[in-house]
Every structure is written in C-alpha cells, then in structure tokens.
Asker: 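Pasting a structure here, questions to come.
Here is the naming used below: chain letters follow the sequence lines, and residue numbers restart at 1 for every chain.
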Amino acid sequence: MIDLKQLRENPESFQACLRLRGEFDLSPVLKLDQHQRELEAKRSQLQARSNEVGKQVGQKIQSGISPQDPEIQALRDEGNQVKAQLSELEPQERELKAQIEEILLTIPNLPSETTPIGKTEDENVEVSRWGDEYLPTNPNILPHWEIGEKLGILNFERSTKVAQSRFVSLIGAGAALERSLIQFMLETQIAAGYTEILPPILVNTQSLTASGQLPKFAEESFKCDRDDLWLTPTAEVPITNFYRDEIIAAEDLPIYHCAYTPCFRREAGSYGRDTRGLIRLHQFNKVELFKFVQPETSFEELETLRTDAEAILQALKLPYRVLTLCTGDLGFSSTKTYDLEVWLPSAGKYREISSCSNCTDFQGRRGNIRFKEAGKKGTQFVHTLNGSGLAVGRTMAAILENYQQPDGTVRIPEVLQPYLRREVL
RNA sequence: GGAGAGGUGGCCGAGUGGUUGAAGGCGCAGCACUGGAAAUGCUGUUUAGGGCAACUUAACGAGGGUUCGAAUCCCUCCCUCUCCGCCA
C-alpha cells in the first residue's frame with residue numbers, strides 16, 4: 001500500500017510515477033481523503049465536548065449533587081444532543097475511510113528510480129548473461145516433456161485424470177530429482193544465511209491482502225470457500241505474514257528466510273500458453289528467499305538476494321540471463337524486480353526461473369509489519385524482499401534439456417549427484 | 001463435532017460503570033552510585049489519526065447496544081487454550 005500521507009503531500013509526483021506502470025487516476029482518492037479529514041475534524045470536536053460533558057456529570061455527582069438536579073439534567077440533554085450529531089457523522093466517516101482503503105489496496109507500488117521505463121516485457125533490460133560455455137552442443141534436443149515421458153519420470157496424462165490439465169506426477173528418479181533439487185537449494189541458502197521455514201500452505205484472506213495478491217488478483221488463486229482459506233500461490237505469502245502486526249526490534253533486522261513450498265496458481269487467462277511440460281502448472285514446487293530489512297538497505301539487499309538466487313543456477317551450470325523488469329512489467333507489490341531466465345534449448349529462448357523483487361514498505365504497510373529502534377520514538381515499516389531460489393519444476397525442465405545427451409540420456413549436474421546418488425537418468 | 005476457560009501495553013499481569021491510556025512487574029532508555037561492571041535507587045517508556053503548534057481524538061479480540069459517561073453491563077461474531085470424540 002502506498003503512503004496516504006505522502007500521497008497527500010505530493011500528489012503530482014505519485015501520479016507521474018504511477019503513470020509509468022499504466023493509467024491510474026489518483027484524484028478520486030485525494031478528494032475522498034480531503035472530505036474524510038474534514039469530517040474527522042468535526043467529529044473529533046464533538047467527541048471532545050461529549051467527553052467534557054461526561055466528565056462534568058461525574059464530578060458533580062461525586063461532589064454530592066443529586067442526579068435529578070436540573071444542572072445535571074441539562075448536561076445530560078446536551079450529551080444526548082451531541083450523541084445524536086455524532087451518530088450522523090460517524091457512519092459517513094467510516095464509509096469514506098472504507099472507500100479510501102478499498103482504493104488504496106488496488107494501487108500498485110511505485111517503481112524505483114532505477115527501474116527502466118517501458119510499457120511491456122519487450123522493454124525489460126538485459127543486465128547480464130552467464131554460462132555461455134555451458135550451452136548444449138547436442139543438436140537434437142527433445143523438449144523436456146518428451147524426454148521426461150520417454151524416461152518414464154514424468155506423467156501428464158494420468159495426472160490429468162487424477163486432477164486436471166496442468167498437473168504433473170513425477171515418478172521414480174523424477175521424484176527423486178525434484179526432492180534432490182529442493183534439498184540442494186535449501187541447503188545452499190541455509191549456508192548462505194537464510195533460516196528455513198516450512199510454513200502453512202493454506203493462507204487466509206488477510207494474508208493474501210497483506211502481500212498484495214488480494215483484492216486485485218483473486219482469480220489467480222485457488223480458494224477453499226467454506227473456510228476463508230486459499231492455497232498459497234507462493235511462499236512469499238506465508239512468510240510475509242509470519243510477522244504480520246508485529247513490531248520487530250531493529251537489532252533483529254535483517255531477517256533472512258528461505259522456504260520450500262508447493263505453489264498453486266489458477267493461471268486464469270493463460271489458456272493455450274505453455275500447455276505442455278513443466279513450465280506452467282497449477283501446482284509446482286518452489287524454494288523461496290525472503291528478507292525483512294531496514295529501509296536504507298533494501299536496494300543493496302536486492303542485489304545480494306539476486307546473487308543468492310543466481311548461485312543456484314551457477315552451481316547447476318545452467319546458462320541464464322538477468323533482466324531488470326521495466327515499469328510496465330513490474331509486479332503489483334514490487335518497486336524493482338530482476339528476473340533470472342534460464343536457457344531452454346527446445347524453445348530456443350530464455351524462460352523465467354526466478355523473480356527477485358524489492359517491495360520496499362508496500363507489504364510492510366499492508367501487513368502492519370514494523371520495526372523499532374531502541375530509545376527512539378515511533379516505529380517504521382520494514383522493507384520486504386522476495387525471490388525464487390528457484391522454481392523447482394522449471395529447474396527440472398532446464399536440466400532435462402540442457403543436460404540431454406545425443407543417446408537420449410540425461411546427465412545429472414555434479415552438485416546434485418551426492419543427493420540423487422546417480423550420474424545419469 | 002461436544003463441553004469448558006479465556007482474549008488488556010514490547011512481554012507478563014491487575015482492573016469497583018465516573019478524570020484509567022490503563023495499577024504492579026519484566027524488558028528497555030536516561031541519571032545516580034562504581035576504577036569499570038553487576039546489584040541497588042531515582043526518572044522515563046503504547047500505538048495510530050488530525051492540527052504549524054498549544055492541543056485533540058481513537059484503540060483493552062471485532063462489531064453492535066444500554067448510559068451524560070463502558071476495559072468494566074447486554075447481544076452477535078471471531079480467535080486461542082484445556083478436556084472428550086475422531087484422525088496422520
């Protein structure tokens with residue numbers, strides 16, 4: 001959520017910033033805000049009077065004046081009048097506040113100054129490439145779903161029977177490879193200083209609102225209707241909300257967490273895209289990196305977060321590139337995002353395998369996650385960052401293709417061999 | 001699912017319808033004491049909104065109600081805990 005107070009103070013710059021992400025007219029919310037504050041001033045005056053009347057009645061009764069005394073009756077009457085006025089103002093103000101809140105929740109984070117300006121993903125900026133020397137030389141690489149089914153480690157058809165399309169089952173060495181990847185990713189990030197959390201993967205509405213998936217993107221998540229619970233679309237949601245409504249001691253920051261979770265996405269509106277393979281499924285595994293940090297450090301922390309995610313790709317020797325997303329392609333909660341894209345030979349292009357974002361205080365404000373410096377007055381919102389480290393299914397896809405041999409076998413990346421206890425699929 | 005108990009500040013924990021934003025304690029900060037520290041003593045210490053400010057308003061799980069006045073009384077809802085049942 002953007003800061004209403006700051007918006008009020010410099011509306012033009014907010015409006016200009018938001019325009020970079022697409023159209024969003026801030027004038028209605030500014031108007032509502034002004035009206036609300038006028039009502040608030042009136043209301044608070046009335047309440048002050050009401051408190052005063054109450055106090056006087058109390059004092060007089062205690063000093064021995066009879067409650068039936070005309071003096072007291074007069075005060076009671078005034079109290080009743082004030083109450084009547086308040087009962088008109090209060091609902092109006094509450095309604096205004098609710099409207100303002102509702103709008104604020106749909107306004108995306110403002111892009112950072114270092115976020116390139118652009119409208120679509122075509123204007124994302126490539127910042128680096130890595131691993132050209134590992135680009136496969138095998139000219140006849142099968143798409144990962146074909147080699148996977150040939151090897152008997154993936155099964156889509158039966159999974160459609162069990163659930164729907166866009167689900168997969170991993171069999172034998174495929175399941176073991178997925179587990180090995182998860183284990184390898186977690187252990188690497190734990191060694192890098194992240195504390196593992198294995199969180200709930202059903203989350204409530206408030207949690208999805210705090211991290212930014214709701215209210216705007218409700219159609220993207222699976223919902224358990226009778227329970228106010230949703231299947232989490234990313235571990236970012238439970239981890240952000242782990243500290244919701246808390247005040248963290250400044251010396252406890254930064255906090256680094258990593259988490260493995262299944263992730264669930266409805267992929268509404270993506271009909272016909274990536275219908276085959278492991279790229280776009282309703283359920284997939286992901287190891288997530290998450291940071292809670294002090295405001296001054298969040299952009300440096302984004303760089304190291306990205307490096308930590310890159311370390312996995314480098315260890316697996318998978319060629320990839322790094323993009324900075326342009327303003328038009330930025331996620332709702334993010335102010336600046338790096339995407340890591342891994343080389344997928346069958347497609348002949350790079351595909352997203354990690355997205356690392358600095359959400360600044362956007363989620364902190366929505367989730368009321370603050371920190372306090374000892375001895376200092378007041379609190380500040382924490383800055384949050386998240387990044388995939390990595391999407392496991394897409395990593396598997398990248399391995400099945402980049403490590404595919406001309407004889408139809410797939411080598412296992414060296415770093416995984418101790419986990420999987422084999423060298424070839 | 002059945003029965004019961006409970007939700008108060010960063011934490012623990014009092015609280016009779018009347019000046020209680022809330023006793024007491026812990027923690028934290030400052031000062032004193034000390035060569036320095038510990039212990040001790042004193043002082044201070046919730047958050048959020050509005051206002052340039054003085055100041056003012058709100059908040060004791062949430063929402064209603066009674067009252068001049070509600071943490072305190074009434075109603076509804078939510079959540080947590082304990083026991084029983086069921087279950088990995």
Asker: Using the P atom as the point on both nucleotides, what is the distance between A37(B) and C28(B), in whole Å?
Answerer: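 Per the computed distance, 16 Å lies between those P atoms.
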
Asker: For K223(A), I'd like to know if atom NZ has over 12 heavy atoms of other residues, nucleotides or ligands within 6.0 Å.
Answerer: yes

Asker: Round to a whole Å and report the spacing from CG of D3(A) to P of A48(B).
Answerer: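 Going from CG in D3(A) over to P in A48(B) covers 12 Å.
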
Asker: With a 4.0 Å cut-off on N to O distance, would you call R43(A) and E93(A) a salt bridge?
Answerer: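 Yes.
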
Asker: Figure out the NZ/C1' separation between K42(A) and G51(B), and round it to whole Å.
Answerer: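 To the nearest whole Å, that distance equals 17 Å.
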
Asker: May I ask you to evaluate whether T379(A) reaches the phosphate of G10(B), defined as a side-chain N or O under 4.0 Å from OP1 or OP2?
Answerer: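 Looking at the OP1 and OP2 atoms of G10(B), neither is under 4.0 Å from any side-chain N or O of T379(A).
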
Asker: What distance, rounded to whole Å, do you find between the two P atoms, one in A39(B) and one in A29(B)?
Answerer: 12 Å

Asker: Rounded to whole angstrom units, what separation is found between the CG atom of D245(A) and the C1' atom of G10(B)?
Answerer: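 The distance from CG of D245(A) to C1' of G10(B) comes to 14 Å, rounded to the nearest Å.
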
Asker: Tell me the interatomic distance from Q36(A), atom CD, to G50(B), atom C1', rounded to whole angstroms.
Answerer: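 In whole Å, G50(B) C1' lies 9 Å from Q36(A) CD.
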
Asker: Quick one: what's the B/S/- string for nucleotides 57-69 of chain B, heavy-atom cutoff under 4.0 Å, read 5' to 3'?
Answerer: SS-----S--BBS

Asker: Answer yes when R265(A) and E220(A) have at least one side-chain N-carboxylate O distance shorter than 4.0 Å, and no when they do not.
Answerer: no

Asker: Determine the Euclidean distance between corresponding C1' atoms of G27(B) and U46(B); express it in Å to zero decimal places.
Answerer: 14 Å

Asker: Under a 3.5 Å limit for both distances, which nucleotide forms a Watson-Crick or G-U wobble pair with A54(B), could you say?
Answerer: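 For A54(B), the partner nucleotide comes out as none, under the 3.5 Å rule.
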
Asker: Can you tell me, in whole Å, how much space there is between the C1' of U67(B) and that of C73(B)?
Answerer: 10 Å

Asker: For the residue pair D339(A) / S355(A), report whether a side-chain donor-acceptor contact shorter than 3.5 Å exists.
Answerer: yes

Asker: Starting at atom CG of N368(A), determine the distance to atom P of G10(B), rounded to an integer number of angstrom.
Answerer: 11 Å

Asker: For nucleotides U16(B) and G4(B), find the distance between their C1' atoms and express it as a whole number of Å.
Answerer: 27 Å

Asker: Determine the interatomic distance between P on U45(B) and the same-named atom on G21(B); round to the nearest Å.
Answerer: 16 Å

Asker: In whole angstroms, how far is the C1' atom of A29(B) from the NZ atom of K372(A)?
Answerer: 10 Å

Asker: Using a 6.0 Å cut-off, check whether atom CZ of R8(A) has over 12 heavy atoms from anything other than its own residue.
Answerer: yes

Asker: Take atom C1' in C83(B) and the same atom in G65(B), then report the distance between them in whole Å.
Answerer: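 To the nearest whole Å, 34 Å.
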
Asker: Say you pick atom P in A70(B) and the same atom in C60(B); how far apart are they, in whole Å?
Answerer: 11 Å

Asker: Which comes earlier along RNA chain B counting from the 5' end, the contact point of Q59(A) or that of K5(A), where each point is its nearest nucleotide?
Answerer: Q59(A)

Asker: Just name whichever nucleotide pairs with G27(B), Watson-Crick or G-U, keeping both distances under 3.5 Å, else none.
Answerer: U45(B)

Asker: Rounded to whole angstroms, how far apart are CZ on F371(A) and P on G10(B)?
Answerer: 17 Å

Asker: Using purine N1 to pyrimidine N3 plus N6-O4 or O6-N4 for Watson-Crick, or N1-O2 and O6-N3 for G-U wobble, each under 3.5 Å, what pairs with G9(B)?
Answerer: none

Asker: Does G49(B) have OP1 or OP2 under 4.0 Å away from a side-chain N or O of R8(A)?
Answerer: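 So the side chain of R8(A) is outside the cut-off, no N or O lying under 4.0 Å from OP1 or OP2 of G49(B).
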
Asker: Could you tell me the Watson-Crick or G-U partner of G1(B), where both distances fall under 3.5 Å? Say none if there is no partner.
Answerer: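 Because both required distances fall under 3.5 Å, G1(B) counts as paired with C84(B).
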
Asker: Is K5(A) salt-bridged to E9(A), going by a charged N under 4.0 Å from an acidic O?
Answerer: no

Asker: Between E236(A) and T384(A), is there a side-chain heavy-atom distance shorter than 4.5 Å?
Answerer: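 No - every pair of side-chain heavy atoms lies 4.5 Å or more apart.
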
Asker: Step through the shown structure and confirm whether more than 12 heavy atoms of other residues, nucleotides or ligands are within 6.0 Å of CD on E113(A).
Answerer: no

Asker: Look at the aromatic rings of F167(A) and H282(A) and report parallel, tilted or perpendicular, splitting at 30° and 60°.
Answerer: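 Correct class here is tilted.
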
Asker: Please name the nucleotide paired to A62(B) by Watson-Crick or G-U wobble geometry with both distances under 3.5 Å, or report none.
Answerer: U76(B)

Asker: Determine which nucleotide pairs with A32(B), using a 3.5 Å limit on both distances of a Watson-Crick or G-U wobble pair.
Answerer: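 Pairing partner, where one exists within any strand: U40(B).
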
Asker: Which whole-number value in Å describes the distance from I247(A) CD1 to C28(B) C1'?
Answerer: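 Result: 14 Å.
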
